[in-house]
Amino acid sequence: MMCQPDKQLHTTVDELVDLQLGLLGVEESERILEHLAACPSCEESLRETYADRQRLIASRELHRDAHGVAAVAPRSDAPLPAKARIVRFRSVAIPLTAAASLFLMLWLWPHDDPGTSRWLPSPSAVLQVRSGAADAEPPDLAAGLRAYDARDLEEAISTLSLAEGTGPLEDVRRVYLGSALVRTGRNDEAVAVLSGVATRTLPDPWGSESRWNLYLALAGCGRAASADSLLGELAREQTTIGRRARQEIRRLIDMER
Amino acid sequence: MLARSHGAQVTPTPANESPSAGSATQRAAGRWASRLADLGRTVAGTDVPDGTAVCDLWQILTTALAQYLAFHSRRYGRIRNDDRLDIVSQKALEILRSIENGKWKPYERSDSEIRGYLASVARNGLLDQLRRDRRHEALENTDATIADLDTTGRTESTANAVGRREFVTAAVECVGKLAPRSRNAWMLRVFADMPSREIAVHPNIDCRPAHVDVILQRARAALRECLTAAGVDHRHLVPGTFAALWRNLYLESGRGHDVPA
């Protein structure tokens, strides 16, 4: 006996929708499911929509904004402990002995408006701590970081673009150069610079702020789909950046109304 | 289901008008459209919309748009998963808002008009994304339907059919033995291809990503042992497995929709 799914009875889009919504009777459901069990293409159609629906449920939730209008926001109820944080260090250039001063700088770090780039922590502490081994840093890199610290972005861009860094120092160079480029509106260049940074291997705030700057750069140069995709990823994080990303999404939704 | 006040009958659409009707005109075509219209009447123009009705409306909109998007993707081209979710979410929200503020009144439309509208919204969203991706390639066969996409194009031998049924039966039984959360997590990983961090925040899982990894590891081990004991090859899922599992989990439990309680 040869078995073949009956092509004349392939499921329609509407039948699959009705099936998933429980709007079919038992007999109709059984007929469709029997066909799905024997027809890989129709089964795949159901599976694909099942996957999309589940991912949508996991990633977004419907709610009401302040004006009572329906809105969608990333789901923010991931059950992580409030203060749980895992920091991964992999060959970072910033010495751990500067952690206390860096923490102080973060605490005093001025806050910009949502949707904008933030200043990275001052590299001066890095330079001070490493003053005993200043010859380990390329002079151009140090000069570029100082220019950034002095808010002279044009000088910082000019110097950091020409500086040479190796290993972790290259990540430092790219992170600060990318920040300067975003803050001066040179988004295409910022995308090229930041795309090459392994941001997830960097400690925060450098790693997370670099991803945020990359989002701003992508949005700024019109690459909306990539920007939205990255923003969605950031919004799923249970971090400061995650909250900022969710605020940004709400801001974008409000702008569209 | 609320009765349609104007008594319109649900009729199938002509085969070439939308992806909604196959060759069998006797088959019911899109009851969801009628349900959408009923819910639209309930939520339209109210200061405080019924939360349950809005949730049901949202479920219908996202399911229908996702299904139409999958259909149109096979004709016009595929897009990234994230972009697909964006389109479904964005378009569903736009339609929901337009229903609530009265700009679109589905209860004043026929079922075929409602189906056609959502089909076109999904298609246009897909085409816009493909243009952005610069990967808009329409297949030569512009009359493609699901029937034409049966890529198997082969007949199954009796031996293979028996083997497949044995595997499916064993898989249903073995997956059914898993604890509900383990079962859901496994389904989300295997059939929805969701990473642990997404599974963790799914309302039916609700745990830490690291715990998800543990759950999945144990589920795989349990399934491997169970399928091996049943004498079937546990390494590959055969066609029909998802349909059987979906049926077993969601239809027989009486829920009948794809969101487990």
Side-chain angles (χ1 to χ4, degrees), chain A residues 1-5 7-24 26 28-29 33 36-60 62 68-72 75 77-80 224-225 228-229 232-233 236, chain B residues 19-24 29-32 35 58 60 62-64 66-68 70-71 82-86 88-89 93 96-97 100 115 132 146-147 149-152 155-156 158 161 188 191-194 197-198 200-203 206-208 239-240 242-244 247 251 255-259:
Chain A
M1 179 179 70
M2 308 298 267
C3 305
Q4 182 178 8
K7 289 191 176 185
Q8 296 304 313
L9 293 179
H10 277 297
T11 52
T12 65
V13 172
D14 295 316
E15 285 177 329
L16 288 177
V17 175
D18 284 344
L19 178 71
Q20 292 171 83
L21 294 173
L23 296 177
L24 298 176
V26 173
E28 285 175 301
S29 300
L33 287 166
L36 290 173
C39 178
S41 63
C42 288
E43 180 192 32
E44 174 60 17
S45 189
L46 174 67
R47 187 207 63 78
E48 195 171 276
T49 303
Y50 160 83
D52 283 347
R53 289 272 298 125
Q54 296 307 315
R55 292 185 62 227
L56 199 62
I57 289 166
S59 63
R60 294 152 218 230
L62 190 64
V69 178
V72 172
R75 186 173 289 279
D77 58 350
L80 290 177
D228 288 348
S229 180
E233 285 182 24
R236 285 192 282 272
Chain B
S20 302
S23 58
R31 291 176 188 171
W32 62 268
R35 179 68 177 144
W58 179 254
I60 292 174
T62 52
T63 303
Q67 199 66 62
Y68 278 124
F71 173 83
D82 285 347
D83 293 331
R84 202 161 60 238
L85 286 191
D86 284 347
V88 170
S89 174
L93 183 62
L96 175 62
R97 285 176 173 174
E100 287 188 336
R115 295 197 300 272
R132 284 193 287 270
I146 290 179
L149 290 167
D150 181 3
T151 55
T152 56
T155 55
E156 186 179 33
T158 303
L188 292 175
F191 296 112
D193 199 26
M194 287 169 61
R197 65 178 185 279
E198 285 187 20
V201 297
H202 192 285
D206 191 24
C207 66
R208 302 178 189 184
F242 173 72
R247 172 186 183 279
L251 195 59
R255 287 189 284 274
H257 58 76
D258 68 339
V259 180

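Here is how names work: the chains are called A, B, and so on, in the same order as the sequence lines, proteins then strands, and each is numbered from 1. Worth saying up front: this structure is predicted, and the values here are computed from it rather than measured.
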Asker: Can you list everything that forms a side-chain contact (heavy atoms from CB on, under 4.5 Å) with A:Glu43? Sequence neighbours excluded, please.
Answerer: B:Pro239, B:Phe242, B:Ala243

Asker: Under 4.5 Å from any heavy atom of chain A, what part of B:Leu188 do you find: side chain, backbone, both or neither?
Answerer: both

Asker: Is it true that A:Ser59 and B:Glu198 share a donor-acceptor pair across their side chains at a distance under 3.5 Å?
Answerer: no

Asker: How many angstroms lie between CZ in B:Phe71 and CG in A:Asp14, if you round to the nearest 0.5 Å?
Answerer: 10.0 Å

Asker: Chain A heavy atoms under 4.5 Å from B:Ala244: which part of the residue, side chain, backbone, both or neither?
Answerer: neither

Asker: With a 4.5 angstrom heavy-atom cut-off, is it the side chain or the backbone of B:Asp193 that approaches chain A, or both, or neither?
Answerer: neither

Asker: Under a 3.5 Å distance rule, please check whether B:Arg31 uses its side chain to pair with a backbone N or O of A:Leu23 as donor and acceptor.
Answerer: yes

Asker: Quick one: list whatever passes side chain to side chain donor-acceptor pair (under 3.5 Å) with A:Glu44, sequence neighbours left out.
Answerer: A:Arg47

Asker: Between A:Arg55 and chain B, with a heavy-atom cut-off of 4.5 Å, which part of the residue counts as in contact: side chain, backbone, both or neither?
Answerer: both

Asker: Using non-hydrogen atoms only, which part of B:Leu85 is less than 4.5 Å away from chain A: side chain, backbone, both, or neither?
Answerer: both

Asker: What part of B:Glu100 gets closer than 4.5 Å to chain A, counting heavy atoms only: side chain, backbone, both or neither?
Answerer: side chain

Asker: Give, as side chain, backbone, both or neither, the part of A:Leu62 having an atom under 4.5 angstrom from any heavy atom of chain B.
Answerer: side chain

Asker: For the OG1 atom of A:Thr49 and the CZ atom of B:Arg84, what is their distance to the nearest 0.5 Å?
Answerer: 8.5 Å

